[in-house]
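For reference, the structure is listed below as structure tokens.
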There are 2 protein chains.
Amino acid sequence: MKELSPSLEDYLEAVYTLSRPEGFARASRVSALLKVSKPSVSAAMRTLGARGLVDQQRYACIRLTPAGLKAGAEIAGRHSLLKDFFTAILGLEEKKAEQDACRAEHALSREALLRLGRLSLFLKARPRGALLAAARTCVRGRTCK
Amino acid sequence: MKELSPSLEDYLEAVYTLSRPEGFARASRVSALLKVSKPSVSAAMRTLGARGLVDQQRYACIRLTPAGLKAGAEIAGRHSLLKDFFTAILGLEEKKAEQDACRAEHALSREALLRLGRLSLFLKARPRGALLAAARTCVRGRTCK
DNA sequence: TGATTAAGTTAGTCAAGACTAACTTTAGCA
DNA sequence: TGCTAAAGTTAGTCTTGACTAACTTAATCA
């Protein structure tokens, strides 16, 4: 099982996300979501197909294989963990958090993400949110005593 | 001023780091540090030279221009901020922290890094390190109450 | 001072990942 | 049912960033 490139992870994540409602994705939706040309999607699907992550028949809907579903869920999980950290802990604006999560999700190790998630939980779990509020205020650069 | 690619940022950071002691860097040291062939360094230096970040004469030492020094310092700063966060807050092992910092330093926005730095400070500044210790224990996955 | 070795460059190749233009298939409707 | 528009694919190109092999320049030491 070779590692997926950041680019292929993005495609897989897009397929995963778009598949949620109906169980399949269309290449044109992937193309629109990732802001990438249709031929690029086509090529990427061929690669993901060759790796056994999507089930691709010519001109048909894109469906994830069980392995693809698992991998897609993992990537989407990394994304939402990071986005949550960026908004809930660092207080980044929604759009910015989304962008940062998109890029950082390919960069951090499993271990770092796991611990970052725990840190999030820890900070959110303090009594009555007092600590989190203090941390967030600090992080926003207002007061930090 | 166009954005540098992750790859070019790595080269610039390496030149910056290697320049610290003596004021210049050698292509062979860069090659060894980044684990990349000498021709790759050569090509990268030509690009950085064209962007006005290094002062490159054929067969000579590599020196940063003032702009290159500024950009290099910024990249190195991002790196050390992240590495510190990964070790001091998340408790990652040194080597792992280094690897994660290398990759994440190209992915996070200025804003996110700024806030991450403040979060580090905040967590380290709590009285007698009690909070930090608790956070770190939690992040390591032992207890988290 | 000249030969040898280390450092650096050039030339040529490759793969990934993007694009456009042009073609094919599918699907929907008159 | 057949035509048309949308969806998807193929073919061909480009850029980036890496590599090896072979060459050139610089530096060192006998």
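Chain naming here is simple, since letters A, B, ... match the order of the sequence lines and numbering starts at 1 in each.
Note on B:Arg46: only backbone sugar-phosphate atoms sit closer than 4.0 angstrom, heavy atoms only; bases stay farther off. Using a 4.0 Å heavy-atom criterion, one finds that A:Ser5 contacts the sugar-phosphate atoms exclusively. Across all strands shown, A:Ser28 has heavy atoms under 4.0 Å from sugar-phosphate atoms exclusively, and none from any base. A:Val41 comes within 4.0 angstrom of nothing in the nucleic acid, heavy atoms only. Within the 4.0 angstrom heavy-atom criterion, only backbone atoms of the sugar-phosphate kind lie near B:Gln56; the bases stay farther away.
Taking the 5' to 3' direction, DNA chain C first and last meets chain A under 4.0 angstrom from a heavy atom at C:dG17 to C:dT26.
Note on B:Lys124 versus B:Asp84: salt bridge recorded, some NZ/NE/NH1/NH2 to OD/OE distance being below 4.0 Å. Using a 4.0 Å cut-off between charged nitrogen and carboxylate oxygen, A:Glu111 and A:Arg115 count as a salt-bridge pair. Ion pairing between B:Glu22 and B:Arg29 fails under the 4.0 Å rule for side-chain N and carboxylate O.
A 4.5 Å side-chain heavy-atom check between A:Asp55 and A:Phe24 finds every atom pair outside the cut-off. A:Lys96 is listed as a side-chain neighbour of B:Ser109, based on a closest heavy-atom distance under 4.5 Å. A 4.5 Å side-chain heavy-atom check between B:Arg51 and B:Leu8 finds at least one atom pair inside the cut-off.
Residue B:Ser40 places at least one side-chain N or O closer than 4.0 Å to OP1 or OP2 of D:dC19.
Checking D:dC19, D:dT25, D:dA7 against every side-chain atom of B:Pro39, the shortest atom distance belongs to D:dC19.
Summary of the strand contacts: A:Ala44 and B:Lys38 both lie near DNA chain C, and taking for each the nucleotide with the nearest heavy atom, the more 5' one is attributed to B:Lys38.
For the pair B:Gln57 CD and D:dA26 C1', the computed distance is 15 Å after rounding to whole Å. Distance B:Arg58 CZ to D:dA26 P: 9 Å, rounded to the nearest Å.
Residue A:Leu4 is tested with A:Glu13, A:Glu9, A:His106 for a side chain to side chain contact (heavy atoms under 4.5 Å, CB included); the sole match is A:Glu9. Considering A:Val54, A:Leu69, A:Leu53 in turn, A:Leu69 is the only one that fulfils the side chain to side chain contact (heavy atoms under 4.5 Å, CB included) rule with A:Tyr16.
Taken to the nearest 0.5 Å, the CD atom of A:Glu93 stands 11.0 Å off from the OG1 atom of A:Thr87.
Applying a 4.0 Å cut-off to non-hydrogen atoms, the residues of residues 11-27 of chain A that approach DNA chain C are A:Tyr11, listed by residue number.
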